[in-house]
Asker: 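Handing you a structure now.
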2 protein chains.
Amino acid sequence: MAGTRWLDERQMAAWQGFLEATSRVSRHVEQQLKEDAGLSHPQYEVLVRLAGAPGGELRMTDLAEGLFTSKSNLTYQVGQLEKHGLVRRRSCPTDVRGVLAVLTEEGRDTLRAAAPGHVAAVRAALIDVLEPDEIDTIARALGRVGARLRPPGRDTEETEAAERAAETEAQGAGSSDSGGMSTSSS
Amino acid sequence: MAGTRWLDERQMAAWQGFLEATSRVSRHVEQQLKEDAGLSHPQYEVLVRLAGAPGGELRMTDLAEGLFTSKSNLTYQVGQLEKHGLVRRRSCPTDVRGVLAVLTEEGRDTLRAAAPGHVAAVRAALIDVLEPDEIDTIARALGRVGARLRPPGRDTEETEAAERAAETEAQGAGSSDSGGMSTSSS
DNA sequence: CACCGGTTGTTCAAATTCGAAACGTACCGT
DNA sequence: ACGGTACGTTTCGAATTTGAACAACCGGTG
């Protein structure tokens with residue numbers, strides 16, 4: 001038991017910084033989104049993914065994939081969005097149990113209106129505080145960290161690659177788009 | 001409105017990486033802590049701070065300071081800890097309105113037992129996945145990010161200083177030897 | 001065709017979280 | 001000492017989140 005490898009000062013600083021940044025940034029972004037567009041961050045993400053999908057619709061499962069939350073939570077979030085008329089549900093034609101979440105016109109408008117403020121918040125909280133080289137390091141390092149903890153399940157032919165190579169997260173692009181406005185946009 | 005400065009690919013990757021890493025790491029750590037010691041992360045942090053304070057006691061407000069959560073939540077957390085006998089409340093002798101949270105023997109034992117596993121989890125999820133230089137960059141960069149979003153209030157001679165060097169609170173106390181174990185140690 | 005293991009999405013109760021309002025002091029200027 | 005304001009903590013109600021339990025359903029097997 002005496003063999004525990006504690007953290008040295010550097011590592012400790014990194015962990016603390018990570019914790020504080022995490023907490024503060026997410027709070028900042030979430031708050032901006034809430035009072036500026038009445039959306040929670042997860043809800044915003046849902047809209048973004050839908051907007052970037054063909055036909056503006058996606059199955060719950062696919063939606064859950066990129067969204068870092070549980071299935072039951074997704075049901076809740078979509079329920080909220082539906083209640084506000086930003087999304088509509090439609091049962092999947094090829095699979096009876098499937099449900100498609102469809103972005104409504106109003107949802108698209110809301111997203112369009114919310115995007116600029118959101119990006120600004122992300123910049124103010126994180127991006128514009130970092131030097132270019134820090135941005136690259138963080139993208140690479142944290143990308144690796146996230147990938148490593150990714151559930152074993154799906155092998156998107158890149159999951160494995162990233163796992164091993166872990167070199168450059170290579171935006172891949174292949175994954176449909178993501179060019180959407182997930183804090184960016186066209 | 002065309003004036004919005006969207007994020008380029010690098011920045012986008014950094015933001016996404018930050019989001020995913022944030023979500024996955026915190027989930028990983030929290031889960032380990034919960035099923036290994038029955039503590040939530042905030043609760044663990046409370047114990048750590050108390051263990052590192054003279055007499056193993058601290059005022060609620062001081063506790064809340066380093067703990068990235070709201071005051072009402074702190075009340076709840078301490079309440080939970082108290083319910084499990086890891087902490088005890090005592091009214092402050094110098095200020096009647098104040099309340100001191102005191103670490104009990106059992107609390108100290110619980111912390112000692114939980115620390116190794118927690119550190120291991122943090123290492124597995126974050127630290128050991130990073131290169132030494134990445135650790136330094138992250139400590140510096142995220143430290144700056146967190147400090148910048150820190151509420152204006154406090155002027156602990158750190159306002160400006162923290163900008164450059166993330167303070168690593170000294171916490172010798174504890175129990176004679178292996179100092180605090182805020183995921184680190186002496 | 002009936003059976004089985006694995007999916008899909010929802011529902012439920014319980015735990016957590018937050019913000020605003022409520023309290024009971026403490027400190028300050030007069 | 002007196003009134004006003006600021007502080008430290010808790011309480012309250014509402015919103016979120018989660019894990020487990022469900023019910024219906026797919027697909028492939030024998």
Side-chain angles (χ1 to χ4, degrees), chain A residues 22-24 26-35 38-46 57-65 67-84 87-102 151-155, chain B residues 22-24 26-35 38-46 57-65 67-84 87-102 151-155:
Chain A
T22 269
S23 151
R24 297 236 143 87
S26 92
R27 197 179 295 261
H28 179 262
V29 168
E30 201 130 335
Q31 184 160 359
Q32 183 282 320
L33 220 37
K34 185 92 66 184
E35 61 188 43
L39 295 171
S40 68
H41 187 51
Q43 286 170 358
Y44 180 83
E45 284 293 330
V46 166
E57 58 184 21
L58 233 38
R59 284 186 61 163
M60 295 301 252
T61 302
D62 299 323
L63 207 47
E65 213 148 295
L67 205 55
F68 317 125
T69 178
S70 60
K71 270 186 292 191
S72 50
N73 188 16
L74 179 61
T75 293
Y76 175 75
Q77 298 298 351
V78 172
Q80 292 306 94
L81 287 173
E82 191 171 28
K83 198 158 72 179
H84 291 303
V87 149
R88 183 165 53 81
R89 272 178 221 254
R90 180 165 88 82
S91 69
C92 178
T94 73
D95 189 335
V96 188
R97 29 188 200 160
V99 173
L100 289 171
V102 191
R154 288 286 70 62
D155 41 90
Chain B
T22 269
S23 152
R24 297 235 142 88
S26 91
R27 197 177 294 256
H28 179 262
V29 168
E30 200 131 333
Q31 185 160 358
Q32 183 283 320
L33 220 38
K34 185 95 62 185
E35 61 188 42
L39 295 171
S40 68
H41 187 54
Q43 285 169 1
Y44 180 83
E45 284 292 331
V46 167
E57 57 183 23
L58 232 38
R59 287 185 60 163
M60 295 300 257
T61 302
D62 298 324
L63 249 180
E65 211 148 297
L67 204 56
F68 317 125
T69 178
S70 60
K71 277 181 288 192
S72 49
N73 187 19
L74 178 62
T75 292
Y76 174 75
Q77 298 297 353
V78 172
Q80 292 304 93
L81 287 174
E82 192 171 26
K83 196 158 72 179
H84 291 301
V87 148
R88 184 165 52 77
R89 273 177 221 253
R90 181 164 90 80
S91 70
C92 178
T94 73
D95 189 336
V96 188
R97 347 168 247 186
V99 173
L100 289 172
V102 191
R154 290 291 64 63
D155 44 86

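Sequence lines set the chain letters: A, B, ... in the order given, protein chains first and strands last, and positions in each chain run from 1. This is a predicted model, so every value here is computed, not measured.
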Asker: On the side chain of A:S72, is there an atom forming a donor-acceptor pair with the base of D:dG19 - under 3.5 Å, no angle test?
Answerer: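 Answer is yes: a donor-acceptor pair is held.
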
Asker: Have a look at B:Q31 and say if it touches a base, only the backbone sugar-phosphate, or nothing, with a 4.0 Å heavy-atom cut-off.
Answerer: nothing

Asker: Check this for me: does the side-chain of B:R97 come within 3.5 Å of the base of D:dT9 through a donor and an acceptor?
Answerer: no

Asker: Which part of the nucleic acid, if any, lies within contact of B:T75, taking any heavy atom under 4.0 Å across all strands shown: a base, the sugar-phosphate backbone alone, or nothing?
Answerer: base

Asker: Whole Å only: how far is the CD atom of B:Q80 from the P atom of C:dA14?
Answerer: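 In whole Å, C:dA14 P lies 15 Å from B:Q80 CD.
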
Asker: Mind calculating the distance between CG (B:L67) and P (D:dT9) to the nearest angstrom?
Answerer: 14 Å

Asker: Measure from the side-chain heavy atoms of A:R27 and tell me the nearest of D:dG19, D:dG8, C:dC18.
Answerer: C:dC18

Asker: Given D:dT10, is OP1 or OP2 found less than 4.0 Å from the side-chain N or O atoms of B:R89?
Answerer: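 True: B:R89 side-chain N/O within range (under 4.0 Å) of D:dT10 OP1/OP2.
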
Asker: Could you say whether A:D95 or A:Q77 is positioned toward the 5' end of DNA chain D, judged by the nucleotide with the nearest heavy atom to each?
Answerer: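 Looking at the nearest nucleotide for each, A:Q77 comes out on the 5' side.
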
Asker: Figure out the NZ/P separation between A:K83 and D:dA14, and round it to whole Å.
Answerer: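 Result: 13 Å.
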
Asker: Which is more 5' along DNA chain D, the nucleotide nearest A:T94 or the one nearest B:V99? Just name the residue.
Answerer: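 Upstream on the strand: B:V99.
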
Asker: Considering all heavy atoms of both residues, which atom of B:R27 and which atom of A:T69 are nearest to each other, and what is their separation?
Answerer: NH2-CA, 4.1 Å

Asker: Among the nucleotides D:dT18, C:dT8, C:dG19, which one has an atom lying closest to any side-chain atom of A:T69?
Answerer: D:dT18

Asker: Which heavy atom in A:C92 sits nearest to a heavy atom in A:R59, and how many Å separate them?
Answerer: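 Scanning both residues, the minimum pair turns out to be SG-NH1, 4.0 Å.
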
Asker: Atom CE of B:M60 and atom C1' of D:dC7: how far apart are they, to the nearest Å?
Answerer: 15 Å

Asker: Which is true for A:E30 with a 4.0 Å heavy-atom rule: it touches a base, it touches only sugar-phosphate, or it touches nothing?
Answerer: nothing

Asker: Among D:dC26, D:dT17, D:dT18, which is the nearest nucleotide to the side chain of A:V96?
Answerer: D:dC26

Asker: Applying a 4.0 Å non-hydrogen cut-off, can you work out what B:N73 is touching in the nucleic acid: base, sugar-phosphate, or nothing?
Answerer: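 The residue B:N73 makes sugar-phosphate contact but no base contact.
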
Asker: Once you round it to whole Å, what is the distance between C1' of D:dG13 and OH of B:Y76?
Answerer: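 After rounding, the gap between these two atoms is 15 Å.
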
Asker: Ignoring hydrogens, what is the shortest heavy-atom contact between A:V87 and A:A101? Give both atom names and the distance.
Answerer: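 What the structure gives for the nearest pair is CG1-CB, 4.3 Å.
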
Asker: Please find the pair of heavy atoms, one from A:M60 and one from A:T75, that lie closest to each other, and give the distance.
Answerer: CE-CA, 4.2 Å

Asker: Report the nucleotide, chosen from C:dC18, C:dT10, D:dT16, that has the shortest atom-to-atom distance to any side-chain atom of A:K34.
Answerer: D:dT16

Asker: Map B:Q43 and A:D62 onto DNA chain C by nearest heavy atom, then report which one ends up closer to the 5' terminus.
Answerer: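 Whichever sits nearer the 5' end wins; that is A:D62.
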
Asker: For B:Q77 and B:S40, work out which heavy atoms get closest and say how close.
Answerer: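 Smallest interatomic distance, heavy atoms only, reads OE1-OG, 3.7 Å.
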
Asker: In whole angstrom, give the distance that lies between atom NE2 of A:H41 and atom C1' of D:dT17.
Answerer: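 Taking atom C1' of D:dT17 as the reference, NE2 of A:H41 is at 16 Å.
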
Asker: Does the distance from a Lys or Arg side-chain N to an Asp or Glu carboxylate O, for B:E82 and B:R88, drop under 4.0 Å?
Answerer: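 Between B:R88 and B:E82 there is no salt bridge, as every charged N stays at least 4.0 Å from the carboxylate O atoms.
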
Asker: Figure out the CG/C1' separation between B:L81 and C:dA15, and round it to whole Å.
Answerer: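 Rounded to the whole Å, the gap is 15 Å.
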
Asker: From CD of B:E35 over to P of D:dT18, roughly how many Å is that when rounded to an integer?
Answerer: 16 Å

